[in-house]
Amino acid sequence: MMRLIRSFRCLLARSLFLAMGLRIGYWRKAVERAWAMESREEYLESILKKVAPRDANGNPVKTYAELKTAPILTKKAFRHSASRPNKSAVFHRHTAGSSGDPTSIWLNRQELGRMLGVRDYCYRHCGIRVGDREGRLWGRPETGLKSRVKNFVLNRRVFHTSGRNLEKEIQELIEWRPDYLYGYASLLMECARQLKQNGQMVPGLKCVIVTAETILPSQKEHLSRIFRCPVHEEYGASEFDIIAFECRSGHRHLVNPWLLLESGPEEQALVTDVSRSSQSLVRYELGDILQLSTVDCPGLGSTQIISLLEGRTSNRFAFTAENERFHAVEFAYAVDQYQQKHGDLFQFVVTQVRPGVFGLVCSPEPKEGTVSVAKDIEMAIQRSAGYEVKVETQSGLERQGKTSYFVQTINATNSGAAMGAVGS
């Protein structure tokens with residue numbers, strides 16, 4: 001009986017999408033056909049010739065050659081010039097982004113339908129569908145009639161698994177019995193910690209989808225054990241929805257066939273949507289750092305994958321006392337090794353205090369203490385990057401929205417040494 005009710009509710013959700021003119025099934029099949037084509041480049045060039053999106057200077061882009069030499073479109077430039085939608089754009093997305101600058105995204109029915117088709121394509125790889133019951137672990141409460149209507153259509157409930165209402169929220173999550181969980185790594189980790197502590201479980205989960213934050217391999221394995229289901233990483237942005245999705249073999253495949261993703265100068269993520277007509281997004285700078293590679297894994301989307309993914313460009317490097325720098329990903333590697341060695345799981349944030357000195361906050365307190373983790377990081381950085389650094393313990397890990405494991409606070413106003421490193 002319960003299975004019939006769930007199937008009916010999923011059918012209702014998808015019927016509501018169809019009534020809105022959003023043909024999810026049609027676009028999912030279009031995604032499958034696009035990835036099966038022998039020459040994707042010819043396919044995309046044919047779309048470029050038809051749509052002719054405009055670059056940051058307002059010039060139409062109709063060929064691959066023109067695309068490769070097009071100027072980079074910053075978020076600031078997009079907000080002030082290219083963000084004017086045409087009359088067919090009736091769906092609105094709003095994001096403050098990691099930089100805190102609001103960006104308005106407008107889509108027509110075809111464009112939003114494509115996004116949902118890509119999402120359905122990815123979700124079916126996990127054994128779920130758009131419209132299945134979702135438990136969303138999110139950082140910001142949503143209130144108002146619009147949010148309630150949206151959640152009803154999407155067949156989801158939003159839970160805030162942190163703070164004073166943690167146990168109440170988790171109990172309501174268990175009673176909701178979602179088909180899958182979706183949310184921030186930090187909130188999923190907090191939920192898993194509480195479930196393990198209380199000897200509870202969320203029954204019937206098919207998968208967990210982690211988005212918005214970096215997650216370590218050890219943390220992913222921990223979530224899989226506690227929730228008793230596979231864990232998949234999603235990489236996306238409000239401007240494009242899903243860009244890359246993790247397959248069963250652990251690769252983050254590019255999954256939207258109408259997006260071109262580049263690792264541009266200084267490895268910043270640049271995205272072009274060749275099919276978007278409501279707004280032009282050509283070599284749009286997301287603000288993240290990534291590296292791309294190719295794998296022999298045809299199970300999902302492209303054989304091109306994101307092999308390295310970091311957060312904001314400003315948080316890419318850590319500075320030493322010798323006016324030198326190393327990649328902040330070394331902190332993630334060091335903590336992941338520590339957690340695997342000690343069988344311990346915790347969230348952490350490293351903050352640059354001054355050149356060569358870093359602050360470390362952990363939550364919950366590691367079994368061997370935060371000091372033990374700090375010493376281990378110092379030794380790991382010495383081994384891997386060849387630099388002597390000082391890691392000091394701090395307190396008060398705040399969770400307001402999505403988090404980053406490394407925060408760079410040094411700039412031109414407080415450290416000449418750091419500016420020397422930036423120019424090196």
Side-chain angles (χ1 to χ4, degrees), residues 28 30-41 43-44 64 67-68 114-115 117-128 182 185 207-221 223-224 230-275 281 283-313 316 327-330 332-333 336 402 404-405:
R28 186 193 75 251
V31 172
E32 294 169 351
R33 289 195 300 270
W35 286 123
M37 290 182 178
E38 288 187 12
S39 177
R40 179 167 173 253
E41 185 170 327
Y43 170 64
L44 295 184
Y64 255 73
L67 179 61
K68 290 177 181 178
R114 279 198 196 96
M115 285 185 177
V118 172
R119 182 166 290 272
D120 200 38
Y121 169 75
C122 296
Y123 281 16
R124 284 175 183 259
H125 186 75
C126 307
I128 57 177
Y182 178 96
C207 75
V208 172
I209 299 173
V210 182
T211 190
E213 296 175 334
T214 302
I215 185 169
L216 305 180
S218 55
Q219 294 172 331
K220 196 186 302 180
E221 291 172 9
L223 291 179
S224 182
V231 177
H232 296 265
E233 285 186 73
E234 171 193 293
Y235 174 62
S238 295
E239 296 91 337
F240 307 99
D241 204 50
I242 300 179
I243 297 172
F245 199 85
E246 184 181 8
C247 72
R248 299 186 189 96
S249 300
H251 304 121
R252 290 175 294 207
H253 293 258
L254 305 188
V255 288
N256 187 326
W258 300 286
L259 297 183
L260 289 172
L261 180 64
E262 301 175 59
S263 182
E266 294 295 315
E267 298 181 343
Q268 74 262 44
L270 303 176
V271 186
T272 299
D273 189 336
V274 301
S275 65
L281 290 156
R283 305 196 79 202
Y284 179 77
E285 188 177 41
L286 281 179
D288 295 329
I289 293 297
L290 57 79
Q291 293 177 5
L292 299 170
S293 60
T294 302
V295 294
D296 185 17
C297 179
L300 184 67
S302 173
T303 54
Q304 193 174 29
I305 66 167
I306 299 177
S307 51
L308 175 66
L309 176 63
E310 294 300 316
R312 301 290 301 171
T313 308
R316 184 185 182 193
H327 204 295
V329 74
E330 298 293 347
Y333 292 154
D336 184 54
K402 57 186 175 183
S404 173
Y405 68 80

Problem - From CA spacing to verdict: side-chain contact (heavy atoms from CB on, under 4.5 Å), Leu309, Tyr235 - result: CA-CA 9 Å; Leu309 176 63; Tyr235 174 62; 3.6 Å; yes
Practice task
For Ile306 and Leu254, run side-chain contact (heavy atoms from CB on, under 4.5 Å): C-alpha distance rounded to whole Å, both residues' side-chain angles, the deciding distance at 0.1 Å, then the answer.
Solution key: CA-CA 7 Å; Ile306 299 177; Leu254 305 188; 4.0 Å; yes
Exercise for the section: Determine, step by step, whether Leu300 and Trp35 satisfy the side-chain contact (heavy atoms from CB on, under 4.5 Å) criterion, reporting the C-alpha distance in whole Å, the side-chain angles of both residues, the deciding distance to 0.1 Å, and the verdict. Expected result: CA-CA 9 Å; Leu300 184 67; Trp35 286 123; over 6 Å; no
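Between Arg40 and Leu260, some side-chain heavy-atom pair lies under the 4.5 Å cut-off. At a threshold of 4.5 Å between non-hydrogen side-chain atoms, the residues Phe240 and Asn256 do not count as touching. Looking at Asp241 and Val118, their side chains never come closer than 4.5 Å, going by heavy atoms from C-beta outward.
Under the 3.5 Å distance criterion, with hydrogens and angles disregarded, no donor-acceptor pair is assigned to the side chains of Tyr64 and Glu41.
In this structure, the separation between CD1 on Ile215 and CD on Glu221 is 10.0 Å, given to the nearest 0.5 Å. Distance check, rounded to the nearest 0.5 Å: CG of Leu281 to CG of Leu286 gives 9.5 Å. Atom CG of residue Leu44 and atom CG of residue Leu259 lie 9.5 Å apart, to the nearest 0.5 angstrom. To the nearest 0.5 Å, atoms CZ (Arg28) and OH (Tyr123) are separated by 14.5 Å. Atom CH2 of Trp258 and atom CZ of Arg114 lie 6.0 Å apart (nearest 0.5 Å). Note that the CZ atom of Arg252 and the CD atom of Glu233 stand 5.0 Å from one another [nearest 0.5 Å].
Without hydrogens or angle criteria, His253 side chain to Phe245 main chain gives no donor-acceptor distance under 3.5 Å. For the pair Ser224 (side chain) and Val231 (backbone), a donor-acceptor distance under 3.5 Å is absent. The backbone N or O of Pro298 lies less than 3.5 Å from no partner atom in the side chain of Thr303, so there is not a single donor-acceptor pair.
In this structure, Lys220 pairs ionically with Glu246, as a charged nitrogen and a carboxylate oxygen lie closer than 4.0 Å.
In terms of heavy atoms, His251 sits closest to Cys297 at ND1-SG, 3.5 Å. Counting all heavy atoms, side chain and backbone alike, Ile209 lies closest to Cys207 at CG1-SG, 4.0 Å. Closest heavy-atom contact between Ile243 and Ala237: CD1-N, 4.3 Å.
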